[in-house]
**Q** 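First the structure, which I've put down as structure tokens, then a few questions once you've had a look.
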Protein chains: 2
Amino acid sequence: MAEALTAEAILVATEEVLRRYGPAKATVVDVAKALGVSHGSVYRHFATKAALREAVTRRWLDAIHREMEPAFGQGLPASEVLREWLQRLFDKKRRSHTEDLELFTTYKTLVGESSGVVEDHVEHLVGLIARIIQAGVDTHEFVTDDVPRTAQAVWDATQAFHHPAHAQEWGNPHIQDAFDAVVSLVAAGLRYNRIPSATGDA
Amino acid sequence: MAEALTAEAILVATEEVLRRYGPAKATVVDVAKALGVSHGSVYRHFATKAALREAVTRRWLDAIHREMEPAFGQGLPASEVLREWLQRLFDKKRRSHTEDLELFTTYKTLVGESSGVVEDHVEHLVGLIARIIQAGVDTHEFVTDDVPRTAQAVWDATQAFHHPAHAQEWGNPHIQDAFDAVVSLVAAGLRYNRIPSATGDA
DNA sequence: GGGCTGACAGATTTCAATATCTGTCAGCTC
DNA sequence: GAGCTGACAGATATTGAAATCTGTCAGCCC
């Protein structure tokens, strides 16, 4: 008898099957075949095919979280930490789009299926931006009276450089220049921004 | 004999057919039927079905251009003109999405088909933003050493509120707050922004 | 003769029959 | 008996034949 079938082994096999056949063709039977078990066994660990795909997506997004820790502690100004962080995120997305379009499309499909997981992912990344902004506020480099709200605004203002719907523009040779322009604009805004609260106005 | 068949009449009929059947089902034969002519006659005015659809798209986008003239000349600061302009654009898109989802989807499809027309459209709107920014620079309200580049940055930073790919988020009750936060951040950035040129850095 | 028609070829879409897949579960195996 | 198998019902996807659509053009009509 082989090793016991674990959820982890199923996830690894599912990733492999998704990579090979793509999200449209990958079936639970394929995953079971790759593991040398009956497909009924897979359902012992994951209630539905959707749950299995969601678990793969979560795994993938968690790996991104690990790579997106902000680069504090090198004496850089907060604007530079923010710029580097956004650049790192952009590079990661852009590279995975240009170098492995099929895998990118696969994950884009998965992401479109499990909105809850993605909301958690976005919330996490916006939280990291908030930490960077807070550091800038602490050193009086940035001005804002609502850090979480401003972090969300930075996220929203840079959608063109991380939201997969904009991926087709990432091949444009001027895209890095456009990125620099937006980040500079945002960074300048952070230095002097006082966002009026939800009802008021400047 | 009826009136002579004009390109204009064909465009009107095509819009009607698209509205009625949607982009997937609308055929050139349907358009001809609505006009009471043979479909061969339509091809006398438009070389292909794609050209016909593109002409409808252009017509629609031109109508938007006419409604998006900036509100200068009321003594408002440039930041307020910009804010009102972006709000007007956002409202227009959001309303057409919530009040007539089918038509919105139709135009989204058409837009996806004719990228050249859309590029012209975006270029026009970014040009309008540039005019607003230039007015702000003239009164020393804004600071930037590259107006067109900054205008593009404002456009890119507000993608979440006009790009159709983000339309599903426009129903979120907090979306207006998110919009205000981004516009405030951008407006603050315009007051103090010096975007480094393509190669340099701050 | 300028503009329109309608028949046509090839491309695309539809539809229904067929095959495959998902999710369940009784029973087998170690 | 904990974990796995494999047969099964209903849901979904595939396929290929038939129908429809696009784009052309010779000829008709005012």
Side-chain angles (χ1 to χ4, degrees), chain A residues 1-58 102 105-106 108-110 112-117, chain B residues 1-58 102 105-106 108-110 112-117:
Chain A
M1 170 188 172
E3 298 294 300
L5 183 62
T6 63
E8 180 67 14
I10 293 173
L11 289 178
V12 171
T14 305
E15 278 193 23
E16 168 61 19
V17 167
L18 280 166
R19 207 166 268 123
R20 175 125 53 163
Y21 301 116
K25 294 278 184 183
T27 72
V28 176
V29 172
D30 291 330
V31 173
K33 219 178 290 177
L35 290 161
V37 299
S38 147
H39 78 279
S41 303
V42 173
Y43 282 96
R44 183 160 295 281
H45 296 267
F46 297 94
T48 65
K49 185 187 185 180
L52 175 57
R53 283 170 166 245
E54 188 171 304
V56 170
T57 307
R58 195 184 307 275
E102 204 171 312
T105 309
T106 296
K108 194 164 107 176
T109 305
L110 294 183
E113 288 168 2
S114 44
S115 58
V117 173
Chain B
M1 172 186 171
E3 298 294 301
L5 183 63
T6 64
E8 179 68 14
I10 293 172
L11 289 178
V12 171
T14 305
E15 277 193 25
E16 168 62 18
V17 167
L18 280 166
R19 209 167 266 124
R20 175 126 51 163
Y21 300 117
K25 293 279 184 181
T27 71
V28 176
V29 172
D30 290 330
V31 173
K33 220 178 291 177
L35 290 162
V37 299
S38 147
H39 79 280
S41 303
V42 173
Y43 282 95
R44 183 158 293 281
H45 295 267
F46 297 93
T48 65
K49 185 187 187 181
L52 174 58
R53 282 170 168 248
E54 188 171 305
V56 169
T57 307
R58 193 184 307 275
E102 204 171 313
T105 310
T106 296
K108 194 164 108 175
T109 305
L110 293 184
E113 288 169 1
S114 44
S115 58
V117 174

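Per chain, numbering begins at 1; letters A, B, ... match sequence-line order.
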**Q** What I'd like to find out is whether the side chain of Leu52(A) reaches to under 4.5 Å of the side chain of Lys49(A), using heavy atoms alone.
**A**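 SC-SC contact between Leu52(A) and Lys49(A) ruled out.
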**Q** Within the 4.5 Å heavy-atom criterion, are Tyr21(A) and Thr27(A) side-chain neighbours or not?
**A**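 No. Closest side-chain heavy atoms not under 4.5 Å.
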**Q** First locate atom CG of Leu5(B), then atom CZ of Arg44(B), and finally report the distance between them rounded to the nearest 0.5 Å.
**A**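 Between Leu5(B) CG and Arg44(B) CZ, I get 10.0 Å after rounding to 0.5 Å.
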**Q** Without decimals, in angstroms, what is the distance between Phe46(B) CZ and dG3(C) P?
**A**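 Taking CZ of Phe46(B) and P of dG3(C), I get 15 Å after rounding.
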**Q** Could you tell me whether the side chain of Leu110(A) reaches within less than 4.5 Å of the side chain of Leu18(A), counting heavy atoms only?
**A**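 Yes; the side chains approach each other to less than 4.5 Å.
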**Q** Over the length of the helix from dG1(C)-dC30(D) to dC30(C)-dG1(D), how much do the five-pair end axes diverge, rounded to 10 degrees?
**A**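 One end axis against the other gives 20°.
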**Q** Given side chains that start at C-beta, do those of Val12(B) and Glu8(B) come closer than 4.5 Å, heavy atoms only?
**A**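 In contact.
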**Q** What one-letter contact string describes nucleotides 19-25 of chain D from 5' to 3', where B marks a base within less than 4.0 Å of any protein heavy atom, S marks contact via sugar-phosphate atoms alone, and - marks no contact?
**A** --SBBB-
**Q** Evaluate the side chain to side chain contact (heavy atoms under 4.5 Å, CB included) criterion for residues Glu15(A) and Leu11(A): first the C-alpha distance (whole Å), next the side-chain angles of each, then the deciding distance (0.1 Å), finally the verdict.
**A** CA-CA 6 Å; Glu15(A) 278 193 23; Leu11(A) 289 178; 5.7 Å; no
**Q** Measure from the side-chain heavy atoms of Val37(A) and tell me the nearest of dT5(D), dC4(C), dC4(D).
**A**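 The closest nucleotide is dT5(D).
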**Q** Specify the separation, in whole Å, of atom OH of Tyr21(A) and atom P of dA13(D).
**A**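 Taking OH of Tyr21(A) and P of dA13(D), I get 18 Å after rounding.
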**Q** Reckon Ser41(A) has a side-chain N or O less than 4.0 Å from the OP1 or OP2 of dG3(D)?
**A**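 Ser41(A) to dG3(D) OP1/OP2: no side-chain N or O under 4.0 Å.
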**Q** Is Glu102(A) atom CD crowded by more than 12 heavy atoms from other residues, nucleotides or ligands, each under 6.0 Å away?
**A**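 No, the 6.0 Å shell around CD holds no more than 12 heavy atoms from other groups.
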**Q** Return the nearest nucleotide to the side chain of Ser38(B); candidates are dC4(C), dG6(C), dT5(D).
**A**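 The answer is dG6(C), which lies nearest to the side chain.
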**Q** My understanding is that only residues two or more places apart in sequence, or in another chain, count here; which of them pass side chain to side chain contact (heavy atoms under 4.5 Å, CB included) with Ala51(B)?
**A**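 Partners of Ala51(B) by the side chain to side chain contact (heavy atoms under 4.5 Å, CB included) criterion, ordered by chain and then number, come out as Thr48(B).
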**Q** To the nearest angstrom, how far is Leu52(A) atom CG from dC21(C) atom P?
**A**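 Rounded to the whole Å, the gap is 15 Å.
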**Q** Could you tell me how far apart Arg44(A) (CZ) and dT29(C) (P) are, to the nearest whole angstrom?
**A**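 It works out to 16 Å between those atoms.
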**Q** In this structure, how many angstroms lie between the P atom of dC21(C) and the NZ atom of Lys33(A), rounded?
**A**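 That distance rounds to 7 Å.
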**Q** Applying side chain to side chain contact (heavy atoms under 4.5 Å, CB included) to Arg53(B) and Val56(B), what does each step give before you reach the verdict?
**A** CA-CA 5 Å; Arg53(B) 282 170 168 248; Val56(B) 169; 5.6 Å; no
